[in-house]
Amino acid sequence: MLALKNIVAKSSASVAYNLNAIGKLGVDGGNCPSLMGEVEAEIEHAEERWIVKNWGGCGACVVLISKYNPVLNQIEDFTASSCLTLLCSIHGCSITTSEGLGNSKDGFHAIHERIAGFHATQCGFCTPGMCVSLFGALINAEKTTNRSEPPTGFSKATVVEAERAIAGNLCRCTGYRSLSDACKSFAADVDMEDLGLNTFWRKGESDDVKRSRLPKYDHNKKIEFPEFLKEVNPNLFLAFEKHSWYSPSTLKELQSLLKLSLDNGTRMKLVVSNTSNGYFKDTKEYDLYVNLKGISELSKIQKDETGIEIGAIVTISKAIEALKRKSGTCDFLSDFDVILKKISDHLSKIASGFIRNIGSVGGNLVMAQKNNFPSDIATVLLAVDSSVHVMNGTQFEWVSLEEFLKRPPLGLESVVLSIKIPRWESSNKSTKIMFETFRAAPRPLGNALPYLNAAFLAEVSSTKDCDGIVINTCRMSFGAYGTKHAIRAKEVEELLVGKLSSDNIIYEAIKLLKTIILPDEGTSRVAYRVSLAVGFLFKFFSPLIDDCSAENFNNNLNGYFERTCDMKEKNGIVHDLDDKIPTLLSSGKQEIQVDDEYSPVGEPISKSGAALQASGEAVYVDDIPSQSNCLHGAYIYSTKPLAKVKSIELKPELQLDGVRAIISSKDIPKGGQNIGNRAIFDVEPLFSDEVARCVGDRLAFVVADTQKLADMAANSAVVEYDFEDMEPPILSVEEAVERSSIYDFPSTAHPEQIGDISKGMSEADHKILSTEIKLGSQYYFYMETQTALAVPDEDKCMVVYTSSQNPEYIMSTIARCLNIPDHNVRVITRRVGGGFGGKGMKSIAIATSCALAAYKLRRPVRMYMNRKTDMIMAGGRHPMKIVYNVGFKNNGKITALDITILVNAGVYVDLSFLIPNNFVTALKKYDFGALFCDIKVCKTNHPSRSVMRGPGEVQGSFIAEAIIEHVASELSMDVDSIRNINLHTYASLCTFYGDSSGEVIDYTLPSIWNKLAFSARYEERSEMVKEFNNSNIWRKKGISRVPIMFRSNVNSTPGRVSILGDGSIVIEVGGIELGQGLWTKVKQMAAYALGEIQCDGADEGLLDRIRVVQSDTLSVVQGGVTSSSTTSEASCEAVRRSCNVLVERLKPLKERLQKETGSISWETLIIQASSEAVNLSANALYSPGASATSKSYINYGAAMSEVEIDLLTGETAVLQTDIIYDCGKSLNPAVDLGQIEGAFVQGLGFFLLEEYETNHEGLVLTDGTWTYKIPTMDTIPKQFNVEVLNSGHHKDRILSSKASGEPPLLLAASVHCAIRAAVKEARKQLISWSSSEALNSTFHLDVPATLPVVKELCGLDIVERFLNWKMTENSFFVDWTFV
């Protein structure tokens, strides 16, 4: 490296930056080799956690980076994903986390307070990133000079800007609607009526009062940028033991470095912002990292009469802003301005804001060229004939983007300097320029790669005699469809140029295009991608077809054909195909009923700790500081579904310093058990001994000095397998049945038959036989992956910090594994960053592995499982195969249902024995007359499935709807009428649900069903949907209303309440705070129960005196599992009973003191009680009564959803969802509202988006944020209305309350059913175009109903069919213009 040091004229000894105004911080080569050794190390954080390491796809780790621009003498502020941010790249920057905006010590920021006040946090793990993303949008809006001053307490940001600030941030809990409201509350143009439930104002108050009560935001207050950072030398050189970092300031310096690398073999990597590592995991080792940000020539943006040139390191966000700027001072936009604006709009749909802020345009193109990245930028720029400026050593050249993409991958000697878009203008007044870009992706805005993208540019003119429109020139590009890089469809261009636009020529172009768009072998959904290309071509040229009049042609303003909605075919059919970004992503109304009978129980108070979560101060397992000798673990897992494991070794070149041990079953202490999960009917081993039984089976546990090193070592492991004498693996439920691989459970685990199935079938007028439906899995996608920290203690004791719903089981499992008593193991769980069932049984092995390693090595061991490993091992929701026979009358009344279900439980039983009863409980929400279920729980060589929110119930409820839909289709009747006639009467309810039915007054579903039809205007909107479908060809709507019934089981739960000497109160419960508001409800219950003492002035202040503390298995025993949505209410009852004991002890003393003094305060009472040795601690174990109605009850709800589908892409927009859900007497309606919305949106993911795909051996393919898509802000209902119904008293419920965590997830089936209705209309239309090729009116819509699924059912060849029909049978129709 001596030659390198000779090149460096100036260097800095350390990275200088500022974090949350703490002061100057530095990292030098002497004291931080590990940070440089893992150059992608995250920014050091203060009480924050950065997750999903090096993916950049979730937004939980977003920070604000402030950087001084000496040329403009101004501070640039932008949000960035810290997990992708190189430590050395923040040299000279000031970093602000959410805690830096405000905190509990210095005062919370208005963002934190509004997030809390709008009930916009649940588990809270994603919330700090949300806050920073929003703050970044607000602070940059203040810099705009062309906007008027906002009202006091508001920002210059618009509603659209504020809401879209978090469009790329993921949240698994809230459902986003409340987050949207919190964001919009800062916008100067917000409609106060559009803001939902909050703690700041009451319903009916004026807008002025509402504005005055919002926590004040000072839009003039700026983040202070430290002066010392302005003087920092930007030319940073850092030399560590193995690596160096250098920031050249000129191209000449860069050329010297490149030459050095080529001459002496220096391993060099050029970096700008490292966002590529989110997609391509670069595990190579480098000698030198060269930061290109200091080279001014690479950051220029120059616009002149020849076009616009953008430097290679210009960020995508800056490019978007530059492309939006209008040329000159004219009021109208030139053709070129319009083209650039549309490119800008397209770029705004890629990645997310915090990635676009740091990702560079040049870097994106280099990824496309070198790594075949499916780039939108490459496709769009290819269509406008862009060129690339490349430096090859000391030579410079301009090359067309098309040629650039075709060249061999760039070598180290080649550097992209800039990209140029040439100016495009109409050649004369009689010609027009058309330009459009297209993409189809799983999520419109929320960071999703497209199935295909395209861009089209054409110059057209009318013929002299105005008998048509001629295509003078044409360029069309396609990309991201499973090919190496974007291409131009030159053959199609040549076909079209000089031709008169017509149906025939477009049809010929489509046929030719289908021979060109040929995805590479192995590409998924090939036919769908080809159909997208066809649809986009048709959509682009459709305005030209049959629109030949000079008047129509010349009315297209600004050099391109305006997409308006006023051009109709003669019979009134609208061709509205525009894909405008919606002005508002989501809005909604919330109706709650507040009851003060048990105040403060029943009040919609803010979630406990919400502001702490928002500021990032809430402590999760990964926030607990590591001791200096702490080690980190990672699993070596099987990549084969069934094989003998002969050996496990690390690659010699990757046997890195710092790898301390490889732990396996051989390291379990004498007398200890190889146990990783203890279910009722099975024991899952911690490690496979000799045989790996599934992909993801745990083989060993690598322990190293850092988490990254442990992950690298685990990934480098070479496992030698032996397949000799091994049976083939069982990888389907059909194989399991064939080979009798079925779990044998007691009869109590299987549902009983209801009625006489033979009689029911004989009474039927119609039968549907042997209909098959398959349902896939779903991944939990908790924001905090599996994690644990084990710390050895004295006398063979172990303290374990874990993110788990099941600490007590972890305690006993670790004790058995280590052969020590339970009391030697203390398991502590403060809060969980999302669970949904996945932190129940699945968390046990993680904690046990850490404990075993810590026990053996006598050092603390922790693990933060990376997202990919988590997804491979998690198992997720149970896949199923369902076959049913159903009999029904002419009027649609079902008389019998015979159903067979094959459940894929995976290789270990886990909690799969619960699935049969859960499935049937939700299935029988309709009166099927007679019901027989044959359910087989199959043992396969897949990872064991575990319970996930609504386990079995979501599938059962959906299958009930599928059967209803099928019956309606067979009878050609309205499906809603079939639902109506099959709803339970109270008598049939008792037959199907027995004692769980409760009293007749408890059966609220019929009233909910009718109320929803009225409040959501079902009949009126159904007619409007029909009118829309009759008037629109390329978009269809559907509307559907579905009921749910969900049986909840109440389990035993402990609680302890202690009153301290100063009158403050501490509570411990067995239930775990997962984000469901358990702590909040418990605090309310304690305040209510202790308020019975009625001290003077105590009632108002008791709530603030209460703190709920972490779960500790050696403090509160018999904690059980936090599950079934009922742990909150059970914990509340345990706390109430504990409080009642305290009230009994304190009341006599209070009455005595009151007689003596006339009044008594809470503080005085407690001081006196302490002095008189009154026991101020009480505990209780709540156990439901012996009656069935005490142990279980039924939840009721209904939802109505309206959707609109795009027939060219299969994209679904959920226009509106209305929910009415019965919470009994809600313990906290704001918390329950959040649970309802969050559960529904998680269900939306299951039914619309989330594909948990595996290969033929069971290895998960969708193993990260790039490939697995949960809902984002842009995919939830545009109008989201929820009513939390207070249904009155339920004598067997805890203060008459009911569960809200799981049941509403089932309501998301309403969206799936609505999509089916829309698809049905599309298929009717398709049949009308080609009656000779009529489609079957009965069809099955897969789950999830992704874009390809919907599109296939609507017709992959729908454009060709339409054109054929138009050209042959309907040639007299004209003016088929898309608008």
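Predicted model only: the values in this text are computed from it and were never measured.
Heavy atoms from other residues, nucleotides or ligands lying under 6.0 Å from CD of Glu224 number 12 at most. The neighbour count for Arg1107 CZ, taken as heavy atoms of other residues, nucleotides or ligands under 6.0 Å away, does not exceed 12. The neighbour count for Lys221 NZ, taken as heavy atoms of other residues, nucleotides or ligands under 6.0 Å away, does not exceed 12. The number of heavy-atom neighbours closer than 6.0 Å to CD1 of Ile1001, taken from other residues, nucleotides and ligands shown, is 12 or below.
Comment: Arg147 engages Glu161 in a salt bridge, judged by a side-chain N to carboxylate O separation of less than 4.0 angstrom. Checked for salt-bridge contact, Asp1218 and Arg1021 meet the test: a charged N lies under 4.0 Å from a carboxylate O. Ion pairing of Lys222 with Asp77 is absent here, as no side-chain N (NZ or NE/NH1/NH2) approaches a carboxylate O to less than 4.0 Å. Using a 4.0 Å cut-off between charged nitrogen and carboxylate oxygen, Glu784 and Arg831 do not count as a salt-bridge pair.
Less than 6.0 angstrom separates the ring centroid of Phe1280 from the ring centroid of Phe1240.
The side-chain heavy atoms of Arg172 and Phe125, taken from C-beta on, include no pair separated by under 4.5 Å. Using a 4.5 Å heavy-atom cutoff, the side chains of Lys1298 and Ser1048 are not in contact. Proximity of Ile1219 to Pro1304: side-chain heavy atoms (C-beta onward) are nowhere separated by under 4.5 Å. At a threshold of 4.5 Å between non-hydrogen side-chain atoms, the residues Ile223 and Phe135 count as touching. Residues His219 and Glu149 are in side-chain contact: their nearest non-hydrogen atoms beyond the backbone lie under 4.5 Å apart. Side-chain contact between Pro1303 and Ser1125 is present, with heavy atoms from C-beta onward closer than 4.5 Å.
Using cut-offs of 30° and 60° on the angle between ring planes, the pair His109 and Tyr217 is tilted. Ring geometry, Tyr598 versus Tyr1088: the interplanar angle exceeds 60°, so the pair is classed perpendicular (tilted spans 30 to 60°).
Every residue two or more places apart in sequence or in another chain was checked for a salt bridge (charged side-chain N to carboxylate O under 4.0 Å, His left out) with Asp1062, and none qualifies. With sequence neighbours left out, the salt bridge (charged side-chain N to carboxylate O under 4.0 Å, His left out) criterion links Glu1129 to no other residue. In terms of the ring-ring contact (aromatic ring centres under 6.0 Å, His included) criterion, Phe836 has no residue partners (sequence neighbours excluded). In this view, Glu1019 satisfies the side chain to side chain contact (heavy atoms under 4.5 Å, CB included) rule with no residue, not counting sequence neighbours.
Atom OG of residue Ser133 and atom CG of residue Asn169 lie 3.5 Å apart, to the nearest 0.5 angstrom. If you take CD on Glu163 and OG on Ser180, they are separated by 3.5 Å, rounding to the nearest 0.5 Å. Once rounded to the nearest 0.5 Å, the distance linking CG of Leu1012 with CG of Leu1005 reads 10.5 Å.
For residues 1075-1091, the pairs satisfying salt bridge (Lys or Arg N to Asp or Glu O under 4.0 Å) are Lys1081-Asp1232, with sequence neighbours left out. The salt bridge (Lys or Arg N to Asp or Glu O under 4.0 Å) pairs that include a residue from residues 104-133 number zero, where partners must be two or more places apart or lie in different chains.
Nearest heavy-atom pair, Cys131 versus Ile115, reported as atom, atom and distance to 0.1 Å: SG-CG1, 4.0 Å. Scanning all heavy atoms of the two residues, the minimum distance from Cys1139 to Val1057 falls at SG-CG2, 3.9 Å. Pro604 and Asn1228 get closest at one heavy-atom pair: CA-OD1, 3.5 Å. The two residues Ser1040 and Ser1310 make their nearest non-hydrogen contact at CB-O, 3.7 Å. The shortest heavy-atom contact between Gln593 and Pro1229 is O-CG, 4.5 Å.
Of the candidates Leu134, Thr79, Asn357, Thr79 is the only one forming a side-chain contact (heavy atoms from CB on, under 4.5 Å) with Val62. Paired with Lys184 under the rule salt bridge (charged side-chain N to carboxylate O under 4.0 Å, His left out), one option of Asp189, Asp191, Asp194 passes, and it is Asp194.
Judged by distance alone, the side chains of Thr97 and Asn20 do bring a donor and an acceptor atom under 3.5 Å apart.
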Report task. Mind running side-chain hydrogen bond (donor to acceptor under 3.5 Å, both in side chains) on Asp208 and Ser206 for me, showing each step along the way? Result -> CA-CA 5 Å; Asp208 288 340; Ser206 69; 5.3 Å; no
